[in-house]
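First the structure, in the form of structure tokens, and then the observations on it.
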2 protein chains.
Amino acid sequence: MKRTSRDIRTANRYEVLRQIIAESPTSRQELAAATGLSLATVATLVGELLELGMITEVGFEDSAGGRPRGLVAVNASGGALIGVDIAETYVRVELFDLALNVLGRADEDVRPGENRPEQVVAHVAAAVGSVVAQAGVTGARVLGVGVSVPGQVDREGGVSVYAPNWDWHDVPLLDLLAAHIAYPLHLDNPLHACTVAELWFGAARGRGDAVVVNLGTGVGAGLALGGELHRGTTNSAGEWGHTTLVLDGRLCHCGNSGCVETYVGAPGIMLNLRELSPGSPLLHPEDQTATIDALARGVAQQDPVAVKAVQNTGRYLGAGISDLVNLLNPEVIVLSSWVASALGEPLLAEVREAVARHALKRPLAATEIILSPIPTDPVCLGAATFALEGALSSVSQKPGSPSPKKTTGGRTARRTTPARSRTAPPS
Amino acid sequence: MKRTSRDIRTANRYEVLRQIIAESPTSRQELAAATGLSLATVATLVGELLELGMITEVGFEDSAGGRPRGLVAVNASGGALIGVDIAETYVRVELFDLALNVLGRADEDVRPGENRPEQVVAHVAAAVGSVVAQAGVTGARVLGVGVSVPGQVDREGGVSVYAPNWDWHDVPLLDLLAAHIAYPLHLDNPLHACTVAELWFGAARGRGDAVVVNLGTGVGAGLALGGELHRGTTNSAGEWGHTTLVLDGRLCHCGNSGCVETYVGAPGIMLNLRELSPGSPLLHPEDQTATIDALARGVAQQDPVAVKAVQNTGRYLGAGISDLVNLLNPEVIVLSSWVASALGEPLLAEVREAVARHALKRPLAATEIILSPIPTDPVCLGAATFALEGALSSVSQKPGSPSPKKTTGGRTARRTTPARSRTAPPS
Ligand SMILES: [Zn+2]
Ligand SMILES: [Zn+2]
């Protein structure tokens with residue numbers, strides 16, 4: 001998509017708030033230095049954020065010889081954000097303050113067979129009600145709710161286009177949720193949520209191009225290019241799990257064969273283990289989590305089958321990651337999601353070795369491969385970040401006239417963006 | 001890399017000039033509509049381009065009820081640009097006017113064994129001198145020279161980091177050229193040149209995200225994301241030829257095996273043909289061009305071996321391109337370079353079929369796959385475009401102070417950018 005002046009202003013607003021959240025308190029001068037924006041632009045954006053109550057003035061610091069510099073900090077209590085992680089077997093909801101501290105959490109089990117949209121929506125509505133009550137925030141303070149649902153998502157339309165877990169096709173999820181939830185709603189998928197979480201609060205913050213490799217049941221590669229999530233033409237960029245690693249290799253549920261996911265997604269890792277040792281006691285045929293946890297424990301105990309299975313997985317994963325290194329030449333590659341955090345350093349070491357064998361020297365030298373540093377559920381955090389981004393995007397100047405003489409003074413007319421957020425009367 | 005205000009201004013300047021070159025004459029109002037920029041921003045940028053002599057006022061058009069609108073057009077004779085395509089066996093140089101019409105061309109053969117940097121530089125210097133003389137332009141009108149050299153390039157340093165054809169390592173090519181050529185010099189590689197040519201003048205112009213798949217002896221995928229070339233952290237993004245298509249497949253000169261390039265680069269296609277029919281008369285073992293041309297003629301004559309060889313190549317290529325569709329979700333994929341233009345529609349048809357089989361439905365539906373519409377040498381054109389971009393980047397406001405109140409009035413102080421361009425006294 002081409003970037004308009006308005007896109008650029010919104011991206012700059014993200015960048016400034018991101019920096020303030022990371023480095024409160026801070027001065028306009030420090031923000032200009034950290035973001036590369038001009039002091040005048042920073043002053044305008046800071047004015048807007050102050051007017052919104054998202055940040056506050058917190059005093060002054062001396063500047064060598066000059067007049068004292070005003071300091072600003074994030075106004076943690078200036079609003080609340082809700083992140084919703086809809087997964088195959090659970091719905092998790094977290095409520096955050098504006099500094100992205102967790103103030104409340106609710107989990108709901110989704111039982112096998114409970115796969116109708118109305119059932120899932122009921123779990124989400126109950127959990128959202130629960131976190132708002134727990135945190136004791138008034139509804140008015142909730143700036144928005146970000147919802148992550150697996151699969152392909154039409155973000156503008158608020159539609160779950162295809163969710164393979166439940167065989168959902170074109171489910172108007174935000175419309176269904178809006179009947180129960182009165183706050184602005186924003187829909188996307190876990191891959192994009194994890195990527196945005198890394199971009200705002202994790203390994204990609206303040207870095208150049210980053211790739212967030214998500215290792216779970218499914219596999220994806222979220223692309224954070226030029227400081228922004230690369231969504232692609234129809235918001236489906238990042239489907240790296242369905243790129244070919246082995247032509248005519250293992251059959252994939254997408255219809256293709258040899259997809260990366262069939263070798264390094266949790267079921268693929270189980271198959272790697274089964275190929276090594278069909279009767280391995282590490283294998284829990286119906287339980288991905290139990291198997292991955294058993295593998296992790298096995299590696300810790302130097303169990304040779306576990307070590308070899310992680311080695312083989314790391315080799316497949318490293319070959320695939322080398323492709324990302326060569327194609328995109330990123331500054332950092334982050335391994336994220338539950339499989340990455342369960343297998344941790346031993347997997348990372350194998351991956352680094354394999355990438356060093358496969359990738360071209362020049363991009364290899366420029367790329368760091370690391371585990372995600374985000375300690376909490378990155379999907380909830382990222383989903384809440386969508387709500388934060390939504391709140392920042394809906395603050396806008398009069399559309400179409402961001403002319404130079406109007407950029408000073410911090411005009412902050414609130415504008416709703418109906419295509420991207422839905423609201424309904426309180427239920 | 002993070003985008004600064006200055007980057008954004010430069011990108012907007014590209015976008016406006018690109019649009020004027022495509023649609024001369026045009027009005028500021030049309031430019032604002034086409035680019036998504038505000039009228040005030042467009043007016044500022046148009047003022048800068050007028051002051052530079054890159055465009056001219058060419059009259060007025062009536063606007064319904066309003067006052068007449070001023071029209072601007074590209075000032076073709078406002079400057080000259082030189083594009084240099086250094087290839088394994090030849091050096092081609094073209095001189096363009098500012099409307100990117102070719103005014104002069106010179107080819108020099110590079111004989112086998114002539115692989116020292118000084119020898120290649122001498123060919124470039126001779127050809128540049130020749131096109132300037134042919135076109136009868138005065139040196140003062142030459143705004144810059146873009147130089148494309150195969151392999152990995154340190155653009156800021158002007159260094160050919162690694163050119164596999166000649167086994168060059170860290171050759172300071174721009175310094176060597178600057179001893180002979182008095183104009184600002186800009187270095188990059190053919191993949192990036194072709195991509196920028198598509199972005200300014202070809203299939204990617206005015207589109208969303210595009211991928212330019214370059215099929216020659218080597219293979220690459222130039223990424224035009226958000227209207228700009230994605231260069232990556234060290235300018236090596238696009239090395240798609242060295243991503244894995246077949247794990248443990250054909251050995252590649254990069255040290256990896258199963259690389260895309262070993263199946264769809266010209267030598268890979270020859271291998272596809274040999275696997276089908278080891279003694280095929282279509283095969284010219286020492287001559288890639290002759291073999292690819294024979295294949296193209298064979299397909300035109302329904303020769304079953306030729307048809308099958310192109311089919312197999314299209315299947316490999318389609319599987320690889322599906323990965324790009326799934327990962328990047330682009331709006332358009334362009335097949336470029338000499339192998340693509342030789343095998344043309346028959347190859348394209350096979351590729352489209354294979355992509356339809358491999359790719360995910362949602363990104364597939366959003367992607368068009370086409371042959372490059374650029375009729376001339378895209379590498380020379382793209383290299384000249386680097387010179388044009390260089391000339392536009394070196395026009396700048398006082399760095400670090402692009403404050404709103406200064407953006408009106410079209411200040412156009414010339415500023416040299418020593419890290420990116422080199423000049424020397426005339427030789
Ligand atoms: Zn698949
Ligand atoms: Zn290779």
Side-chain angles (χ1 to χ4, degrees), chain A residues 1-5 8 15 35-41 44 152 161-162 208-209 221 225-227 230-240 242-247 249 254 256 316 319-320 322-323 326-331 358 360 362-363 365-367 400-405 407-408, chain B residues 1-5 8 15 35-41 44 152 161-162 208-209 221 225-227 230-240 242-247 249 254 256 316 319-320 322-323 326-331 358 360 362-363 365-367 400-405 407-408:
Chain A
M1 304 284 107
K2 279 194 298 176
R3 289 162 61 99
T4 65
S5 308
I8 291 166
E15 183 72 18
T35 59
L37 297 168
S38 74
L39 190 54
T41 301
T44 302
Q152 292 175 20
V161 175
Y162 177 50
D209 304 321
L225 306 179
H230 172 75
R231 296 184 181 277
T233 303
T234 50
N235 197 43
S236 82
E239 290 285 355
W240 176 66
H242 301 289
T243 63
T244 302
L245 183 62
V246 183
L247 196 70
C254 78
N256 197 1
Y316 288 124
S322 299
D323 295 350
N326 288 352
L327 181 65
L328 298 166
N329 187 201
E331 192 176 326
H358 284 277
L360 297 172
R362 187 170 164 80
T367 305
S401 63
S403 73
K405 68 174 186 291
T407 57
T408 47
Chain B
M1 301 287 107
K2 280 194 296 177
R3 291 163 61 101
T4 64
S5 309
I8 291 165
E15 184 72 17
T35 59
L37 297 168
S38 73
L39 190 55
T41 301
T44 302
Q152 293 175 19
V161 175
Y162 176 50
D209 304 321
L225 306 180
H230 172 74
R231 297 184 182 276
T233 303
T234 50
N235 196 44
S236 83
E239 291 284 356
W240 177 67
H242 300 290
T243 62
T244 302
L245 183 62
V246 183
L247 197 70
C254 78
N256 197 0
Y316 288 125
S322 300
D323 294 349
N326 288 352
L327 181 64
L328 297 166
N329 187 201
E331 191 176 325
H358 284 276
L360 297 173
R362 187 169 164 81
T367 305
S401 64
S403 75
K405 68 176 187 290
T407 56
T408 48

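Order of the sequence lines sets the chain letters (A, B, ...), proteins ahead of strands, with each chain counted from 1. Predicted, not measured: the structure shown is a model, and the values here were computed from it.
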Distance col, row B:His230:NE2 vs B:Asn235:CG, nearest 0.5 angstrom, shows 10.0 Å
OG1 (B:Thr367) and CG (B:Leu328) are apart, to the nearest 0.5 Å, by 9.5 Å
Verify, without hydrogens or angle tests, whether A:Glu15 (side chain) and A:Thr35 (backbone) share a donor-acceptor contact under 3.5 angstrom. no
Kindly say whether B:Glu239 contributes a backbone atom to a donor-acceptor pair with the side chain of A:Asn326 at under 3.5 angstrom? no
Contacts of B:His358 meeting ring-ring contact (aromatic ring centres under 6.0 Å, His included) (sequence neighbours excluded), chain-then-number -> none
With a 4.5 angstrom heavy-atom cut-off, could you sort out which part of [X] is near chain B: side chain, backbone, both or neither?
{"X": "A:Val246", "value": "both"}
{"X": "A:Leu360", "value": "side chain"}
{"X": "A:Tyr316", "value": "side chain"}

Check whether [X] gets within reach of chain A through its side chain, its backbone, both or neither, counting any heavy atom under 4.5 Å.
{"X": "B:Pro363", "answer": "both"}
{"X": "B:His242", "answer": "both"}
{"X": "B:Leu327", "answer": "both"}
{"X": "B:Ser322", "answer": "neither"}

Most contact-rich option vs chain B, by heavy-atom pairs under 4.5 angstrom, among A:Thr234, A:Leu247, A:Thr244, is A:Thr234
Quick one: of A:Ala319, A:Gly249, A:Ala365, A:Pro330, who has the most non-hydrogen atom pairs under 4.5 Å with chain B? A:Pro330
When only pairs under 4.5 Å are counted, which of B:Thr243, B:Asn256, B:Asp323 shares the most heavy-atom pairs with chain A? B:Asp323
Partners of A:Ser236 by side chain to side chain donor-acceptor pair (under 3.5 Å), sequence neighbours excluded? B:Asn329
Validation row: B:Leu225, A:Leu225 side chains within 4.5 angstrom (heavy atoms): yes
